[in-house]
Structure formats: structure tokens, C-alpha cells
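Throughout, protein chains are lettered first and strands after them, A, B, ... in sequence-line order, and every chain is numbered starting at 1.
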Protein chains: 2
Amino acid sequence: MRPAESDYAANVTLGIIEGKWKLLLLCHMHNGTKRFCEFTSLIPGLTQKVLTYQLRELEANGLVERKIYPEIPPRVEYSLTAYGESLVPLLDLMNQWGQDHQKLKAALE
Amino acid sequence: MRPAESDYAANVTLGIIEGKWKLLLLCHMHNGTKRFCEFTSLIPGLTQKVLTYQLRELEANGLVERKIYPEIPPRVEYSLTAYGESLVPLLDLMNQWGQDHQKLKAALE
DNA sequence: CGGCATCCCTCGTGATACTG
DNA sequence: CAGTATCACGAGGGATGCCG
């Protein structure tokens, strides 16, 4: 994760949500608690190592809660914290803008 | 710039605004048209090469207009397009969230 | 199942020098 | 002033294999 360079606060936010799959992870968790293996089936191309890493970063920033069930076979569930939910408006806005942008690009062809 | 991986539209937005200095550049242009050299004095640590590159990406996405004045010495001015202005609410939201996040982190110490 | 360890490679960024 | 041209580096991400 990029350190928050310069004191522009938006860069702090960017540093937290940037990462190839983080937005997608947040989005899926917003739709409900997910298990580790669910992500890999929901998101083709996402490898375990990277998934682990990005979930840990989200967790470190307090956006995500990691619940371990001491069972055999092991079960770990990930969910958005209340703090993570505070990002939802931002995700929605980014999603909306991205959709509009894609439509605009498509219209130019 | 990262290609828009997966079809989650927010990722498209992320791909467009990510870059170490892009948010800052957008922010400064929102405060008014800027010349090339102004950026390098406004933003310590930003080199000419990277500035050029990031401005070109913003321009390629239609967010920024580049106006060349055929004078000696040369003058080039950069400003937000109307389309670029459509990102301002997003920048504000990111900035607000980032500020809150920093306050929260500070309060935890 | 839910990881961690290791190797590798690409890409964004940085440093520096040069040009019209 | 506003770039372009090279070289270099580190981090993020991908592939694979092993473990409790």
C-alpha cells in the first residue's frame, strides 16, 4: 500500500482503497459476510496470496473484520465493520462515475 | 495506468484517478488554470517527467485540457474540463473521508 | 480449508541529462 | 519554459508448492 504522500487527505483514502481487488472485495462484503474461499470463486483471477494480503490490509485499516472459527475444517469469515460501511457512499459514487464513463466511451465509437 | 480489471465499474474510476499525484493535480486545477511549472513549485517532489506523464493520462481521459500558447518562452496551461469537474464531488468525498480517517487514527494514540 | 514461503516479473515512479 | 530520453529501482502482483 502506498504511503500517504503529500498532505492531501484524499490521497490517504486513495492509499487505503487502491489495490487491484480491494474495491471488489469491499463490494462483495457489503453484500454479506463471506468466507475466504468464496472470494476466490467469486473473483476469477484472484490468487490466494494476493487475497490474503489485501484482506489483511483492509483489516489493518479497520474496514474489515476477520472471524476465525476453530473448527475442522477451518472456517474464516470476513465482513465489513461499521467503519468499513462508511466507505459505501464513496464506493457507490465511484461505481456510478465509472459506469457513466464507460457509457460515454462506448458512445464515442 | 492500471487497466480496468474485472467489470466492477468503480475499478474503472480507480484506474483513472490512481497515480501518486493525480488527485493533487486535479485539486490544484480545480482551484484554477495552472501552468506546467506551477505544478512543480506547488508540489515538492514531483518531477517533470512524472508530471508530464500524469497530465497526459488525465488529458487522455478527457479530464484535463491542455492549451499551448505558441510564444517564446513557451507557455502551456492546464485546466479541468467540464467532464473533469464531474469528478469534484468524488474528490471532496475522498478528501472528507481521508480527513476523518486521519483524525480517527490520531485519536487512537 | 485457509493460509504461508518463495521466486519472478511487470509497471509506476524517481534521478539525471539534454533539447527546441 | 516545457518538455523528451535513459537508466534504475522497489513494490504490487502472479505462479507454484507446502503446511496445520
Engineer: Roughly, in whole Å, what's the span from CD in Glu77(A) to P in dG3(C)?
Structural biologist: 12 Å

Engineer: Nearest-nucleotide wise, let me know which of Tyr78(A) and Lys49(A) is further upstream toward the 5' end of DNA chain C.
Structural biologist: Tyr78(A)

Engineer: Separation of Ile43(B) atom CD1 from dG14(C) atom C1', in whole Å?
Structural biologist: 15 Å

Engineer: Taking C-beta and beyond as the side chain, do Val64(A) and Leu80(A) meet within less than 4.5 Å on heavy atoms?
Structural biologist: yes

Engineer: Partners of Glu85(B) by salt bridge (Lys or Arg N to Asp or Glu O under 4.0 Å), sequence neighbours excluded?
Structural biologist: none

Engineer: May I have the distance from Glu57(B) (atom CD) to dC11(C) (atom P), rounded to whole angstrom?
Structural biologist: 13 Å

Engineer: Tell me the ring-ring contact (aromatic ring centres under 6.0 Å, His included) pairs involving residues 81-109 of chain B, sequence neighbours left out?
Structural biologist: Tyr83(A)-Trp97(B), Tyr83(A)-His101(B), Trp97(A)-Tyr83(B), His101(A)-Tyr83(B), Trp97(B)-His101(B)

Engineer: I want to check something: taking the side chain as every heavy atom from C-beta on, are Leu87(B) and Met94(B) in contact at a cut-off of under 4.5 Å?
Structural biologist: no

Engineer: Tell me whether the OP1 or OP2 atom of dA2(D) has a side-chain N or O from Arg35(B) closer than 4.0 Å.
Structural biologist: yes

Engineer: Roughly how many Å is it from CG in Leu55(A) to P in dG13(D), rounded to a whole number?
Structural biologist: 13 Å

Engineer: The side chain of Val76(B) is closest to which nucleotide in this list: dG3(D), dG2(C), dT6(C)?
Structural biologist: dG3(D)

Engineer: Quick one, Arg56(B) and Thr52(B) - any side-chain contact, counting heavy atoms below 4.5 Å?
Structural biologist: yes

Engineer: Any side-chain N or O of Lys20(B) below 4.0 angstrom from OP1/OP2 of dG14(C)?
Structural biologist: yes

Engineer: Name all residues meeting the side chain to side chain contact (heavy atoms under 4.5 Å, CB included) criterion together with Val76(A); count only those two or more places apart in sequence or in a different chain, and write none if there are none.
Structural biologist: Arg66(A), Ile68(A), Tyr78(A)

Engineer: Does anything in residues 27-49 of chain A form a ring-ring contact (aromatic ring centres under 6.0 Å, His included)? List the pairs, not counting sequence neighbours.
Structural biologist: none

Engineer: With sugar-phosphate meaning primed atoms plus P, OP1 and OP2, does Gln54(A) contact a base, only sugar-phosphate, or nothing at under 4.0 Å between heavy atoms?
Structural biologist: sugar-phosphate

Engineer: Would you please confirm or rule out a distance under 4.0 Å between OP1 or OP2 of dA2(D) and any side-chain N or O of Arg56(B)?
Structural biologist: no

Engineer: Going by the rule side chain to side chain donor-acceptor pair (under 3.5 Å), which residues pair with Gln96(B) if we only count those two or more places apart in sequence or in a different chain?
Structural biologist: Asp100(B)

Engineer: Could you work out which one of dG20(C), dA17(C), dC7(D) sits closest to the side chain of Pro74(B)?
Structural biologist: dG20(C)

Engineer: Nearest to the Cys37(B) side chain among dA2(D), dG3(D), dG2(C), which nucleotide is it?
Structural biologist: dA2(D)

Engineer: Base, sugar-phosphate, or nothing for Phe39(B), non-hydrogen atoms under 4.0 angstrom?
Structural biologist: nothing

Engineer: Take the protein atom CH2 of Trp21(A) and the nucleotide atom C1' of dG13(D), then report the distance between them rounded to whole Å.
Structural biologist: 10 Å

Engineer: Can you tell me the distance, in whole Å, between the OH atom of Tyr53(A) and the P atom of dC4(C)?
Structural biologist: 12 Å

Engineer: For DNA chain C, which residues of residues 63-73 of chain A approach it to below 4.0 angstrom with any heavy atom?
Structural biologist: Arg66(A), Pro73(A)

Engineer: Could I get the full list of side chain to side chain contact (heavy atoms under 4.5 Å, CB included) partners for Gln54(B), not counting sequence neighbours?
Structural biologist: Trp21(B), Lys22(B), Leu25(B), Val50(B)

Engineer: Identify which nucleotide among dA15(C), dG2(C), dG3(D) has an atom closest to any side-chain atom of Thr47(B), counting heavy atoms from C-beta outward.
Structural biologist: dA15(C)

Engineer: Calculate the interatomic distance between Leu14(A) atom CG and dG12(C) atom P; express it in whole Å.
Structural biologist: 14 Å

Engineer: Got a sec, which pairs hit salt bridge (Lys or Arg N to Asp or Glu O under 4.0 Å) with one end in residues 26-40 of chain A, sequence neighbours left out?
Structural biologist: none

Engineer: For DNA chain D, list all stems, counting runs of three or more consecutive pairs where every pair is Watson-Crick or G-U wobble with both distances under 3.5 Å.
Structural biologist: C:1-20 with D:1-20

Engineer: Separation of Gln48(A) atom CD from dG13(D) atom C1', in whole Å?
Structural biologist: 15 Å

